[in-house]
Every structure is written in structure tokens, then in C-alpha cells.
Amino acid sequence: MKDGYLGVDIGSISTKGVIIDDKNNIIASSYIWTEGNPVKAVRQLINNLKKDLPSDYQIRGIGTTGSARKLIGLMLRANIVKNEITAHAVGTLTFYPNVRTILEIGGQDSKIILLRNGIITNYAMNTLCAAGTGSFLSSQAKRLGLDVNEFGKYALKSKNPVKIAARCTVFAESDLVHKAQVGYPKEDIIAGLCKSIVLNYLNNVGKGKKIESPIIFQGGVSKNEGVVKYFKEVLNEDIIVDPNSHLMGAIGIAVLARKNKVGHVYNLEMTNVKFDTKAIECHRCPNNCELLRIYRNNELVDSWGSKCGKY
Amino acid sequence: MDKVGIARGLFYYYYGDIWKFFLDYLKVPYIVSPNTNKEIMMKGIKKSNDEMCLAFKTYLGHLCYLEDKCTYFLVPRIDNYGLDNQTCTNFIAAYDIVYNLFDKKVLNYNINLNKNETLKKGLVNIGMELGKSKKECLDAYKYALNKAREKKSREITINLNKLNSTKTKILLISHPYNIYDDLIGKDIIKYLEKNDVEVIFSDKFDEKITNKLGTSLAPELYFKYSKENVGAIMYAKDKIDGVIFLSAFPCGPDSLVNELVMRKIKIPYINIVLDDTASFTGTETRLESFIDMLRRVTND
């Protein structure tokens, strides 16, 4: 039997999973939409992965990352649960040991990671505001009646991208509606949108950071050729987009799962157990915390969200 | 008997001790509002204008809590501590805002060293307004000042001792009304301590030293509290592993000063901005990755 390690990256928009071997080769991978239900998405993901997994492999480690990492970590009994920054850095370093800048734009978060000699030296994440992230692009795609996957191709057609407010997505959206109603061609609006994402990112998370090449762009938005084009144009540097750029977080956490393996073999059938969450509001004190209780096979396994720590 | 209401917000974290010792000495009863909870914060948000910062909203919430429990509010107007030692505009405006928002008697004093309005004068006037003699008030002031200084110096010693710890050391740069507030900073401190981080607080340094050091890093600064925060970085820079800038949205001085300092310092840092809408999950991701970075988890 050969050893495999599962990494799952559950983002707000998409859920990514990979199984790697001892040499960090990808044996199986899957990319699906989260659609607001991480538990369901992960079940689907595991099923997809199982189909691709050769029968002589056994899973020796599981890691989870992404915004639902805690919940899914509990569900999969992962041996490591880590934040996205670390996972992305580890994943990228596996394939590009010389990388100096990682640009990452995901569904809710965007981040920039600066590395020197394989060590993270600085990073930034968007603060309160999620302006200029993937969810904005996909909601605007819907508004324009397009699939978000075709967005990039449309953007490349444009010769004259329209100017769209680059600060706030609420303003950007009203700008966009206005431009569409006035009669600008679709591709120019889409190109303008892609450009505004780039400018917003650089003004927001990239502010004050020294962006040096090699620069690697990843996260779901890196699949958008339009955004890549404008990054190249604005930064005047080459931007590397790995064919697996959308999987980097999952690969990183799989690598971490391998490094932190505890020894036992995981059975992927376990995802079929009953796994529920219940939200209740506690009224024991004026804080009225929203408690989230997590049940595996109707048995309470964890409870989150209390300020006092009693639950 | 008349009761003085002290809100656990803003000024409390600078003057709470001295007020309490002062009123204790004069045997004037007082009530301090409890630690911030969701109800208090919600009341404050309802009462306030949406341009106000989270800390000020919370402060108003505490006053709402006290409204039917005391005779007076104690709200100073703190303008400056001399040239180039201005405070935040909220500290100047607080009295007038409270006076206009609440139907309540407000005990007020000014601190404006440019006009020679000192804490001593202020507290003595308040004591006399409460029917005590000038002599009593002066004694009470001296007593309170000494007690408060003693307490502060003990806290400073504890804080400075942490600089010699062998754990990962993070300097938390923020205003005390953010750091020690149950709903603003407490979760962050709890999280850091749970992850075996030594948290050093920017407000527990000798302010005379940090004020000067702050000026040396950025001579253009004129906010007293910001200067001291910046000075704390200068003071501790060789002993700490990282800096966390924590501010409440939308803090005027912090948005200027933190930005300026981030460009000048050579220590790893992270900027966290909190609002009442922010859930802790996002903050946790940022803190966890910051600690990972400091501990070089990615490095084999």
C-alpha cells in the first residue's frame, strides 16, 4: 500500500480537495462550489476524490484549511487544521521554492504574502472590507447574465476598459449598473471590473508592500485571464499562474498533514456519518452569544461561539 | 445620597483608578458600569451617530446603563497635555455630546495644560461641587494620585518583566479602552495567551519615556496617546517578536498613526480593525497566521 495525504480547503465560494503522495505529487483533485453548505460540499468532494484514487493508496493524514476549516476539521477528524496564509505559503513553496510574492484572491478574503528564502516575512489580509474579492466578481457575473468562468475571456476582448470605482464594491456596483444602462459594451464593462479588482487589491492589501518577482497569483480569481492581464499591466512584472493555482491551499495543507501525520490510517467512508450543526442563542447573560453546537451521530462533539467559555 | 456614575469606557481606562480613590477618600458613593456586554454595546450603538468609533459607541452604551442608577455622570473634557500632546477629538467632545444626549447632571472638568487647566484643579472643583471643603478635596487628590501611581507602577513592572519571557512575545498596540474592553480586545488577548504568546500591552509603559521615544520616531506626531503607543514599540523593539496594531473602526488617530508607523518599523506586524459586525472567525485567521509567521512554521 502507498501512502496518500488529503488536504481540503473549504472556502466561502468553492471547496478544493487534493490527495498527494509522499513526493507531493497530486494523485487526485477536485474543485466544487461550496454553495453555502460546507458539510454537503465536503461529502461531495470526498466522493469525487475517492473515484480518482487508485486502490493501492491509503490515507495517512488529513488537513483542513479555509474559512470552514474548524468545522470540517472536526467532521473529518483531521490531524491538522491551519489558516489559509500558512497553507498557501507551504503549498506554493512546494512547487516554487524561490517565490517572493504570493498574490491570492479568494471568495471572501484577499491576501498578499511576502517571502524571502522560503520564510514568510510579511503578509496582509483585507481588513473589515471584502471589496474586490471573488464573491463580488461572481455576483456581478450573474448580474450581467454570464458564467463567471467566461468572465476572463470577455475581458480580454476589450480594447477600452471602462473606469469603475475601485474603492468599494457597493460603489463599484452602482458604477457598473450605470455604465451598463448608458450602453457601454459588455466586454468593456467586464474588463473595467477586472481592472478595478486589481487596483483595489493593490491599494488595499498590497498597500506599502514591496512586490518583487517571482510573483505567483493564486486563489479562484487567478483563473480569470482578465485579472491576470491587468496585474501584469499594472505591476509591469511577469505573473505566474500555476495550472493548479486554485488548489494551492489544499496542497499546502496536505503537505502539512503529511509532516504532522500521527500514524493511523483514515477511512474515507467516515464522511457518511450523520453530521449536524445547530445554532442556539444563549440567554444566560446579556451577551446573548450565538452558540453553534456540532453533533456527530447525534452526539455533541463541540460547541463554539460562547464568550464565557462555559459551553 | 447622591451617587456618581462612572462609565467603564474611554476615560475610565486612564482615570478610573484615580477617580475611584478620590471618591473613596471623600466618602462619596459611586457606581461603575459592568464590563461591556452585548446589551450595553447595542444600547450605545442605538444612541450614537454612525460616524463615531466603536469605543465611543460602547462608552455611550455604558452611560445608558448608568442612566437610572446614579445622580451624576462623571465626564471630563480632555483637550491636551501641553504643546503637541493633543488627545483624540472624542475626548474633547465627550462632555458636550453627553450633556446634549442625556437628561442628566454631568460632573465635568477640563484638562488643557495650554490653559493651565490641570487634573488637580479639575478634581478639586468636582469635590467642591459635591459639597466637600477645598482642604478635603486637596487631600483626597493627593491620596488618589499616589495610590493610582503606585498601582500603575506595579502594572508597568509586570508588563516590562514580560519582555524577558522566553515565549513568543507580541506587543499589542492599542488604546487601553480597546485592549481591556470585554467585547473589543479581550477575545484577542485570550486567543493569544491560549496559544502560548506573551502579550505586552502598549499602555503599560512609563509614559514619560515612551512619549519622548514616540517623538523620535515620528516628530510630526501630536496625539499624546499615539505617541506613547509608538514609543512603546521603540522601547521594546529589540525584545519583541511582533507587533499587533488593534484599532476600533473608524479611529481617526490610529488610521493615521498606525499607517505611518507600519512604514517605518522593521518588526513583523499585523493590523486588525474591529467593528461590532466583525465575527471573531476572521480575526482568528489573522492572529493564527501571524503567530505561525513569527514561529516560522513554514520553514522546515
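Order of the sequence lines sets the chain letters (A, B, ...), proteins ahead of strands, with each chain counted from 1.
- In plain terms, the two heavy atoms of B:Arg286 and A:Asn126 that are nearest each other are NH2-O, 2.5 Å.
- Remark: B:Asp68 CG is packed, more than 12 non-hydrogen atoms of other residues, nucleotides or ligands lying under 6.0 Å away.
- Closest approach of B:Glu288 to A:Val81, counting heavy atoms only: OE2-O, 4.1 Å.
- A distance of 9.5 Å separates SG in A:Cys285 from CD in B:Glu39, rounded to the nearest 0.5 Å.
- Other residues, nucleotides and ligands contribute over 12 non-hydrogen atoms within 6.0 Å of the OH atom of A:Tyr123.
- Distance check, rounded to the nearest 0.5 Å: NZ of A:Lys111 to OG of B:Ser289 gives 9.0 Å.
- The shortest heavy-atom contact between B:Thr281 and A:Ser67 is CG2-O, 4.5 Å.
- Here the side chains of B:Asp292 and A:Asn83 are in contact, with some heavy-atom distance below 4.5 Å.
- Rounding to the nearest 0.5 Å gives a distance of 12.0 Å between OG1 of A:Thr86 and CZ of B:Phe290.
- In terms of heavy-atom pairs under 4.5 Å with chain A, the best-connected choice from B:Glu259, B:Arg263, B:Met262, B:Lys190 is B:Glu259.
- Proximity to chain B is absent for every atom of A:Lys210, based on heavy atoms less than 4.5 angstrom apart.
- For B:Lys186, no part lies under 4.5 angstrom from a heavy atom of chain A.
- Residue B:Lys264 qualifies as enclosed at atom NZ: its count of foreign heavy atoms under 6.0 Å is above 12.
- Interatomic distance, A:Arg69 CZ to B:Glu284 CD, rounded to the nearest 0.5 Å: 6.5 Å.
- Once rounded to the nearest 0.5 Å, the distance linking CG of B:Asn35 with CG of A:Asn287 reads 9.5 Å.
- Few gaps surround OH on B:Tyr13; more than 12 heavy atoms of other groups in view lie less than 6.0 Å from it.
- Heavy atoms of other residues, nucleotides or ligands lying less than 6.0 angstrom from NZ of A:Lys278 number 12 at most.
- Interatomic distance, CE of B:Met293 versus CD1 of A:Ile120, reported as 7.5 Å (0.5 Å rounding).
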